[in-house]
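Data first, discussion second: the structure below is written as structure tokens.
Residue numbering restarts at 1 for every chain, and letters A, B, ... go by the order of the sequence lines.
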Number of protein chains: 2
Amino acid sequence: MVHAQELTKNQSLVLDVLSHTEGPLSAYSLLDQLRDKGFRAPLQVYRALDKLMEFGLVHRLESINSFVACTHSHDHKHGVIAFGICDTCGRVDEFCDAVVEERLKGWSKDHAFRLSKTTIEMRGTCANCLAA
Amino acid sequence: MVHAQELTKNQSLVLDVLSHTEGPLSAYSLLDQLRDKGFRAPLQVYRALDKLMEFGLVHRLESINSFVACTHSHDHKHGVIAFGICDTCGRVDEFCDAVVEERLKGWSKDHAFRLSKTTIEMRGTCANCLAA
DNA sequence: ATCATCAATGTAATAACATCACATCGACCT
DNA sequence: AGGTCGATGTGATGTTATTACATTGATGAT
Ligand SMILES: [Zn+2]
Ligand SMILES: [Zn+2]
Ligand SMILES: [Zn+2]
Ligand SMILES: [Zn+2]
């Protein structure tokens with residue numbers, strides 16, 4: 001497993017902003033928030049994000065072109081992850097479902113499809129926003 | 001249900017290109033292919049795509065910013081759709097899985113999350129490309 | 001017939017997201 | 001010292017999507 005000490009300066013800075021933010025951020029939002037730390041170009045953010053995703057510390061939300069810090073403890077490896085994304089407040093809930101994973105892997109097996117990455121994103125309105 | 005006759009000129013042109021193409025196309029690829037039909041601007045493509053998606057005739061693949069014609073017969077309404085996308089040849093397989101749908105709806109119910117749209121995309125390598 | 005309305009369209013400009021190309025730096029090893 | 005490799009800095013460029021505003025054409029009401 002990867003520990004915080006092994007992260008480079010830029011990776012730490014990006015993860016720090018993501019971890020202290022409620023909800024997802026775009027790469028350019030991250031860039032803006034890191035300008036006073038010396039960030040000048042999008043590539044600095046994208047490179048850090050690539051590594052953080054490789055380490056499993058950050059996830060990309062494909063349907064909103066944004067990134068979130070992983071909310072799982074990292075003592076274990078990620079399986080297939082699903083996200084519930086509130087379109088009103090931006091809240092993101094991350095969860096795993098073994099049955100879903102099994103069904104999708106089953107389809108892959110049946111179709112001789114070598115699966116490399118699975119994206120599951122549910123857009124909608126969270127309980128808090130519904131109550132308000 | 002929507003029939004072909006109800007589509008406008010631009011919608012028909014976009015759907016026609018998508019239907020006669022193996023695999024997904026980006027909005028700008030569509031634009032390029034439709035320039036000789038009078039298309040000049042991205043918005044013409046995006047507007048047509050929005051309507052076609054509303055009608056359920058076209059799907060957006062979030063993880064590759066592209067669009068495919070629906071491969072289902074349209075006598076029935078779409079449930080949750082999953083896609084298998086080959087990163088080598090671009091082939092896209094569309095399918096529904098009632099168990100997956102039930103699990104994701106179950107999570108939504110448990111968390112009082114009002115679900116509006118679900119994205120499931122599996123990236124990998126298809127059987128043909130594995131054989132080659 | 002004339003006018004209001006509304007969906008679809010045309011067009012230019014701009015915003016938002018992502019990558020390429022190339023130079024530099026620093027740690028590590030020989 | 002010299003070589004290698006991963007990380008970084010920087011500018012330019014490429015790709016995807018939306019905003020703003022003008023125009024057209026069909027429909028229905030006055
Ligand atoms: Zn996670
Ligand atoms: Zn919310
Ligand atoms: Zn479909
Ligand atoms: Zn393939």
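Here the CD-NZ distance, from A:Glu62 to A:Lys117, works out to 5.5 Å after rounding to the nearest 0.5 Å. Taken to the nearest 0.5 Å, the CZ atom of B:Phe55 stands 10.5 Å off from the CG atom of B:Asp50. How far CG of A:Leu57 is from NE2 of A:His78: 8.5 Å, rounded to the nearest 0.5 Å. Atom CD in A:Gln11 sits 11.0 Å away from atom CZ in A:Arg47 (nearest 0.5 Å).
Both B:Ala48 and A:Ser29 lie close to DNA chain C; mapped to their nearest nucleotides by heavy-atom distance, the more 5′-ward contact belongs to B:Ala48.
Within the structure, every side-chain polar atom (N or O) of A:Thr8 is placed at least 4.0 Å from both OP1 and OP2 of D:dG6. OP1 or OP2 of D:dA17 sits under 4.0 Å from a side-chain N or O of B:Asn65.
C:dT19 atom C1' lies 15 Å from atom CG of A:Leu31, rounded to whole Å. Look at CD1 on B:Ile64: it is 14 Å from C1' on D:dT15, rounded to the nearest Å. Rounded to whole Å, atom P of D:dA7 lies 14 Å from atom CG of A:Leu49.
Interface remark: the A:Tyr28 side chain does form a donor-acceptor pair with the C:dA18 base, using a distance-only criterion of under 3.5 Å.
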Pick out the pairs of N or O atoms, protein on one side and nucleotides 10-13 of chain C on the other, that lie under 3.5 Å.
{"from": "C:dG10", "atom 1": "OP2", "to": "B:Asn10", "atom 2": "ND2", "distance (Å)": "3.1"}
{"from": "C:dG10", "atom 1": "OP2", "to": "B:Gln44", "atom 2": "NE2", "distance (Å)": "2.4"}
{"from": "C:dG10", "atom 1": "N7", "to": "B:Arg47", "atom 2": "NH2", "distance (Å)": "2.6"}
{"from": "C:dG10", "atom 1": "O6", "to": "B:Arg47", "atom 2": "NH1", "distance (Å)": "3.3"}
{"from": "C:dG10", "atom 1": "O6", "to": "B:Arg47", "atom 2": "NH2", "distance (Å)": "3.3"}

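For the ring-ring contact (aromatic ring centres under 6.0 Å, His included) with A:His59, the lone residue among A:Phe67, A:Phe95, A:Phe83 that qualifies is A:Phe83.
In summary, the side chains of A:Thr71 and A:Glu94 do present a donor paired with an acceptor at a separation below 3.5 Å, with no hydrogens or angles considered.
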